[in-house]
Amino acid sequence: MANLAAVVGIGQTKYTTKRGDVSIAGLVREAAANALEDAGLGWDDIEAVIIGKAPDMFEGVIMPEIYLTDALGCNGKPMLRVHTAGSVGGSTALVAASHVQSGTFKRVLTVAFEKQSESNAMWALSTPQPFSVHLNAGAGGYFAPIIREYMRRSEAPYDVGIKVAVKDRLHGARNPLAHLQKPDITLQEVEESFMLWDPLRFLEACPSSDGACAMVIASEDLAEQSPKPPAWIRGVAMRSEPTMYAGREEVSPQAGRDCAADVYQQAGITDPRRDLDCAEVYVPFSWYEPMWLENLGFAAEGEGWKLTMEGATSLDEGGDIPWNPSGGVLCSNPIGASGMIRFAEAARQVRGDAGAHQVEGAKLALGHAYGGGAQFFSMWVVGSEKS
Amino acid sequence: MQQIAIVGYQQSDCVSWAGATNEVELIMPVLRRVFDQVGLANAQDVDFVCSGSCDYLQGAAFAFVAGVDALGAVPPIKESHVEMDAAWALYESMLKIRMGHAKSALIYGFGKSSPGELPIVLSQQLDPYYLAPQWVDTISLAAMQARLMLDQGLITERDMAEVVARSRGNALNNPHAQLSGDIAVDELLAQETYVSPLRKSDCPPVSDGASAVIICTVEQAIEWGVPYAIISGIDHRIESHNLAMRDLTDSVSTRQAAQGAGMADGSVDVAELYAPFSHQEIILTRALGLGENTQVNPSGGVLAGNLMMASGLSRIGELFNRITSGEARRGIAHATSGPCLQHNLVTVVESA
Amino acid sequence: MSQPEVLTQAFELGFTYTRSTGPVVGRFLTELRDRRIFGIKGSDGRVIVPPMEYDPVTAEELSEFVEVGQQGEIVSFAWVKEPRAAHPFDRPFAWAMIKLDGADVAMIHCVAAQSEGELATGARVQAVWADETRGFITDIRCFELAQEN
Amino acid sequence: MSEEREMITGIEAPIYLQYKFTAGSAPARFLSQVKKGVLTGQRCPGCQNVYCPPRGSCAACGLPTEEEVVLSDKATVQSFTIVAIPIPNNPIQPPYIIANLVPDGSNISFIHLMSECVNEEVHIGQRVQALWKPEEEWDYAMDNIRYFKPIDEPDVPVDRIGTMPVTGWEG
């Protein structure tokens, strides 16, 4: 059996288009130092550092843990670098947790970051390769056809994505760290925004952000001594499947369903909508909320959009299962950190430390991340209680 | 701590150019052989898979995603990846087993270094403001390290050539080696310098290839009924990124990792060291305090073939081979990352 | 089955990254633009050039800048007989670790010399500035052997 | 007082790396046929599905694919998007349609351009055919096919997309 572990410190940067005031190390450091401060700890209290980010091409620094050693107080310590595409922030948190859950370490620091302003994410994701057609149209170009297929199957009204875009931006307006601050956003504004990758409009897509997120994860005994309430890690799961294979279910990938089933089983969840108080789910394009509502078992197949339209996932509408109270990826997207932000925001909720976007009385929350061609999944469930 | 067994290891040939072989075509035959070695059908028969690779070697983002195509990952599998040498993927896999979320794991690393100019590509690992913009190549950094040792009288050029001669000689017994042969020390010393004080023979060849290891709980190894060796300890440590802040003639982090891995708890019959440059083998040997009773790099080490992102994992595999063949009872495998031995991992492996 | 031809094609993976420097790196580069070299004091009092943002031992933020000399001595060097396309010279040159006067930690930069024999550990070198400085590490074009005073 | 100059807060770091790419065996076989104006796939010895373009393995089974299968240049639209923004490294000017197309005889889609169509009328299940460049321009490249254009054949029902035999779709 895995040892109990808990999140005892969380640190983030303010997410923004360009953090022009810091170096790459400065950005990562800021989140890490905030997490240490939140945990009431110093650099010497940390035994190992686990760092994650998406492709090195975003910053053009190869294996950046090598350069970041000193900024993260890691000289003489173990340092591990995770890269699992867009899910990396989540899987990095899971690898960090395994350092403690395996009984190998008592207290580790984990950090994920992206400083996307150093390059152009669209470039880094579609670098030219000989002998291939240069049709790569960025992540939106990849996911738009899958969304179209979901719309066809579910017969969802055209404006479900628009509703999600507004809902998450209103959530983000409660979160001072969120990149996009749009407290006055309207359905009409989203609908009239530029069509990027039909059926995806500009305001239905995530921004490109600079930012970093960090957590301190500690063993049961140390977590109990922590000055602030710990977020107990109640379940951890990862799943991968290939990008392309004959008959692949792209709208609701098997890897996502299996991953959810695994993490729910560990956390004793039988009905996620009922048992969980909120969820931070990787939704970089608005339509992925209804799609993941189904994939993660919050709604039956073809019914996810109904929860969205009823307001069930909205904090402002008093929904029973708020999704992305922090504003989610639609408000802030430093790619390599986005998954960890989901995991950290889930932990903030059950620590009762989420400020204006706190879900009242949240005791159990889901953190979710996915990456690649919606083929890599990582999830955890955190709770205010050990079991 | 729970004992974990190594039950399989396979490596491709180290070749200077893999030709018309893409990543998945490079990996698949190695995986087939390691599955056959343990008697498994495919990655569905292990509980966890973790790989190591680096996008910049072949110049494409998400290079590792192609690796998943080699696994037969339908239905979906538990899988992760480090942008590091796969020795660190093995480390991550051990944690998964220790926490009880897996009984077995497949680890693989692959690198196609031939498409780019490797020493220049790796210059972009350095400080992005001070060093990377100067394009200081990795061979030159190692050459400065070697000169520090020569100047301080810690080594001679003959010492370095002896490392190379032994590596090439040992590699005669390694069918996957790229460089092997019976070569005299004087013959090596007669060659002119390349990036002085290094000769070309002091540097590793650029290689394409892949390797794979399967580990599991001892109970699982017994159930599978295959020969196994025990990983009794593993640890890794990193040092400052400022090369001049480090004592480059020593490897403090290797010593720390060896201590953490419990190397001193028994004899070290064999050591497989990931020393890309000849003088670095001497640094490592001394940092670890290895004496005459330890056979160093019987495989020839990476001077005989250097699979970036897999060589560290291969060192563990080569050690496994020595132990399961009965040539050694206990030994260590070392992996490194970063310029001039910045980040080091030590694994202790014992006979079952 | 058809036999494939070996299809090989060159390509460039290239981008001009826009890096923000933060205050420490930015200060160093600003001084370089003005043809001065600054280091920073580590927690143990050692002067580190170029300045590190964070102390390798204590992990503390560093902030005490110190100007150092433009001459120093070679701590070690590598002689590059066959420069690579990315290298700063197209004739033989050296990469060196150079401890500048007033610094305790060497910096890595290139040294221009006619032959390997001209250089030695302990040799004195001095910075040669680029014709135009702009706040980049290559504002120091290279080092060369110091003139005897 | 000397002239105060602004602090340096940013730098440009040009990183341009040169690589020599070699296509893998499966893609090279595929492209060698495309140069002759023929679309081919490779069949998995396990699940029997045909991959186009082949990458060397059946990703589902993890088995090497060897058997080469000649495919039709007629295909079915599995899904699509209309791209309205310019993409770095992509010379085509928006708006344009990128479709996931399954060629007859294959069990998996690839992406390619669609043209000679009314954007608003493009739909899932639509039948299309390759429009090849003039033969003298053929190279080892999928853009030997300039684009796919609609043809006058009945739509393929959604649940049958990806299962068309190489002989085509009778409706």
S.K.: Please report the shortest heavy-atom distance between D:Ile8 and C:Arg134, naming the atom on each side.
M.R.: CD1-O, 3.5 Å

S.K.: Within the supplied structure, the quantity of interest is the number of heavy atoms (other residues, nucleotides, ligands) at a distance under 6.0 Å from C:Gln114 CD; does it exceed 12?
M.R.: no

S.K.: Between C:Ala85, C:Gly26, C:Ala86, who has the most heavy-atom pairs with chain D when the cutoff is under 4.5 Å?
M.R.: C:Gly26

S.K.: If you take all heavy atoms of D:Glu12 and C:Phe136, which pair is closest and at what distance?
M.R.: O-CE1, 3.3 Å

S.K.: So, applying side chain to side chain contact (heavy atoms under 4.5 Å, CB included) with D:Met7, which one of C:Glu31, C:Arg33, C:Arg27 is it?
M.R.: C:Arg27

S.K.: Checking heavy atoms, do the side chain of D:Phe21, its backbone, both or neither come under 4.5 Å from chain C?
M.R.: both

S.K.: Between atom NZ of D:Lys20 and atom CZ of C:Phe11, what is the distance when rounded to the nearest 0.5 Å?
M.R.: 12.5 Å

S.K.: Answer yes or no: are there more than 12 heavy-atom neighbours, outside C:Asp90 itself, under 6.0 Å from its atom CG?
M.R.: no

S.K.: Does atom CZ of C:Arg36 have more than 12 heavy-atom neighbours from other groups under 6.0 Å away?
M.R.: yes

S.K.: Please name the pair of heavy atoms, one in C:Arg19 and one in D:Ala13, separated by the smallest distance, quoted to 0.1 Å.
M.R.: NE-CB, 3.9 Å

S.K.: Measure the spacing between CD1 of D:Ile11 and OG1 of C:Thr16 and express it to the nearest 0.5 Å.
M.R.: 11.5 Å

S.K.: More than 12 heavy atoms of other residues, nucleotides or ligands under 6.0 Å from NZ of C:Lys81: yes or no?
M.R.: yes

